[in-house]
Amino acid sequence: GDVSTSVRHYIEYLSDFLQKNKTLCILIEKNLNTCVNAVAQTKEGPIKELYEKIFSELINCGFAEAEARAKLYLYIELIVSSCCNAIIRETPYTIEELKPHLCQIIEEVIHLKRIALWEAKHPKTVVLIAVILLIPSLIGFLCTRVNYDIMSYLPDNLSSVQGEKILDETFNNAGMSILVIEDMPSKYTAALKEEISKLEGVSAVFWVDDLADVSIPADIIPDALKDVFYSKTGEQTMMLVQYKYAGSSDETLKTIKQIKGLINDKTFISGLTAIVEDTKEICDTQAPIYVAVAVVLALIIMSLLMDSWVLPFVVLATLGIAILYNMGTNIFLGEISFVTQSIAAILQLGVTVDYSIFLIDRYREEKTRYATREEAMANAVTKSITALLGSSLTTIFGFLALCFMRLRLGFDIGFVMAKGVVWGILTVVFVLPEMLLVFEEYIETYKHKSLMPSFPKLNNSIYKNRKLLAIIC
């Protein structure tokens, strides 16, 4: 039978027995658990039959014999003490209110161990599934639009945002750039204007030749025009370019890139739209560089501080999977800001690497207690998950707090990073254990002495002076 069913029967039988013998329950309340355990292990009857049935099913779930006995002792302790209190005092819950929750708690513990053990016994299958899931994640990452317009994240009630909206919707002037041509003949400027006008994303181009004949000397041009289109020295002239689409749209940014291909080193493009395009270019070229630098530095540091040359690669590969999952699922947001795109990978790597180290240390502790590495890993996962969840929740809520900023950029960064921590925990719990088991032979083969000092004197000094340090801090 299923272990969950057996546990439910055990709880039902014990609670019914204690309800029928309430007086006995009151008399031996303090030693009730000891009595039930003794009866379950020695005296023939329904309690012993259920005890042995649950014990054998726990063994089938992957628990070692000693661990199964200890688990059963704790289950009986939990069941008996909870039921006893509910029967005798009927507060804060009655026995009928309590039974479903008791069953749920015990089932959750058993099922978690069962899942962890299945993963530990099928590491290659889990790793293969994780790699296959990278395909939709990569597609999602490539299809997620990156917004380079910081103004789009400002609150709608700001006068600057409202003015920009009116310019765009009413006058179609939100997307506009200014070209400054320095020390070039008028024929060059006129020819440049003609070429820019032919571009698909350009709505109109304005220069002095729209109002006056440029073949006449500049001195004859009216001062009203000269003051607008020429500098005081007459060496620079200005040209206005108006776009068909919004200032930060993909079409406009593409058009600006085309304009940059037409101008020479004496022609300069300015304006908010041009700045957005420059920002895009810098982010697209620099982000891969500093991500690579971060990975290299992390590899160097972990290689020196860990006791294996291979282990840092396994950890970073797992965290890389989590980062790709996070960036790929951004497609459900429609778009993310360039700030988020630039910092998300580095922040996620820095925030979640500690979880990996915590699980690795726990696994090494469990290996000394269990006969097989699968049992050790399953127990490492089940024992670590509570601490990992507790640690990660504080980080998640810290990032989610950014979502309450009036500047919508806060929501963009906060939500993506909180999601990144969730993906980090999931990969540490479900992917890293299998990666460690798959590559354990290489991890052990290429071990070296850790260069991390133990600081015994410093540790002893801190402990001896803990009260003084607590006051100072």
Side-chain angles (χ1 to χ4, degrees), residues 104-105 108-109 111-113 115-116 119 126 129-130 133-134 136-138 140-141 144-147 153 155 287 290-291 294-295 298 302 314-363 380-436:
Q104 183 180 356
I105 290 171
E108 285 174 356
V109 175
H111 289 159
L112 180 61
K113 176 62 181 286
I115 293 170
E119 291 177 6
V126 177
I129 293 171
L133 289 176
L134 287 176
S137 298
L138 186 60
F141 171 65
T144 302
R145 183 180 182 273
V146 181
N147 186 355
Y153 295 98
Y290 64 71
V291 169
V295 171
M302 285 194 287
V314 174
V315 172
L316 287 179
T318 305
L319 296 179
I321 290 172
I323 290 170
L324 277 175
Y325 287 166
N326 185 36
M327 302 305 285
T329 51
N330 287 335
I331 193 171
F332 297 108
L333 298 175
E335 65 178 24
I336 60 171
S337 74
F338 71 95
V339 178
T340 306
Q341 175 86 343
S342 300
I343 68 174
I346 301 296
L347 272 180
Q348 186 176 339
L349 176 64
V351 168
T352 57
V353 68
D354 292 344
Y355 307 146
S356 303
I357 296 171
F358 185 85
L359 180 67
I360 292 168
D361 289 342
R362 172 61 72 175
Y363 172 54
V381 172
T382 53
K383 290 180 180 179
S384 300
I385 193 165
T386 303
L388 290 173
L389 287 174
S391 175
S392 64
L393 283 175
T394 57
T395 309
I396 290 169
F397 287 123
F399 281 124
L400 289 177
L402 294 175
C403 297
F404 296 95
M405 291 174 59
R406 287 188 64 205
L407 181 68
R408 289 193 293 270
L409 184 63
F411 175 85
D412 195 75
I413 297 173
F415 184 79
V416 171
M417 288 312 307
K419 181 162 60 69
V421 176
V422 172
W423 279 118
I425 285 293
L426 290 176
T427 52
V428 166
V429 172
F430 294 106
V431 180
L432 180 61
E434 284 61 54
M435 293 282 282
L436 292 173

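Nothing here was measured: the structure is a model prediction, and the numbers come from that model.
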- Item | Under 3.5 Å side-chain donor-acceptor pair for Thr144 and Asn330 |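 Checked: Thr144/Asn330 side chains show no N/O donor-acceptor pair below 3.5 Å.
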Non-hydrogen side-chain atoms of [X] and [Y] separated by less than 4.5 Å:
| X | Y | value |
| --- | --- | --- |
| Asn147 | Tyr153 | yes |
| Leu402 | Met417 | no |
| Ser391 | Tyr355 | yes |
| Thr318 | Ser356 | no |

- Item | With sequence neighbours excluded, residues passing side-chain hydrogen bond (donor to acceptor under 3.5 Å, both in side chains) with Tyr325 |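 Per chain and number, Tyr325 pairs via side-chain hydrogen bond (donor to acceptor under 3.5 Å, both in side chains) with no residue.
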- Message: Checking Gln348 now: which residues fulfil side-chain hydrogen bond (donor to acceptor under 3.5 Å, both in side chains) with it, not counting sequence neighbours?
- Response: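 Asn326.
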- Under the 3.5 angstrom rule, does the side chain of Ser384 hit a backbone N or O of Val381 as a donor-acceptor pair?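 Checking the backbone N and O of Val381 against the side chain of Ser384, no donor-acceptor pair under 3.5 Å is found.
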- Message: When you measure from the side chain of Tyr290 to the backbone of Ser342, do you find a donor-acceptor pair of N or O atoms at a distance under 3.5 Å?
- Response: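 Yes: the side chain of Tyr290 pairs with the backbone of Ser342.
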Closest contact, heavy atoms only, [X] versus [Y]:
| X | Y | answer |
| --- | --- | --- |
| Gly414 | Cys403 | C-SG, 4.1 Å |
| Ile425 | Leu388 | CD1-O, 3.7 Å |
| Leu400 | Ala418 | CD2-CB, 3.7 Å |
| Pro433 | Val429 | CG-O, 3.3 Å |
| Thr427 | Ala322 | OG1-CB, 3.3 Å |
| Gly424 | Thr352 | CA-CG2, 4.0 Å |

Atom [atom1] in [X], atom [atom2] in [Y]: separation rounded to 0.5 Å?
| X | Y | atom1 | atom2 | result |
| --- | --- | --- | --- | --- |
| Leu134 | Ile129 | CG | CD1 | 12.5 Å |
| Asp354 | Leu359 | CG | CG | 13.0 Å |
| Leu324 | Thr329 | CG | OG1 | 10.5 Å |
| Leu432 | Leu426 | CG | CG | 13.0 Å |
| Leu333 | Phe411 | CG | CZ | 6.5 Å |
| Asp412 | Met405 | CG | CE | 11.0 Å |

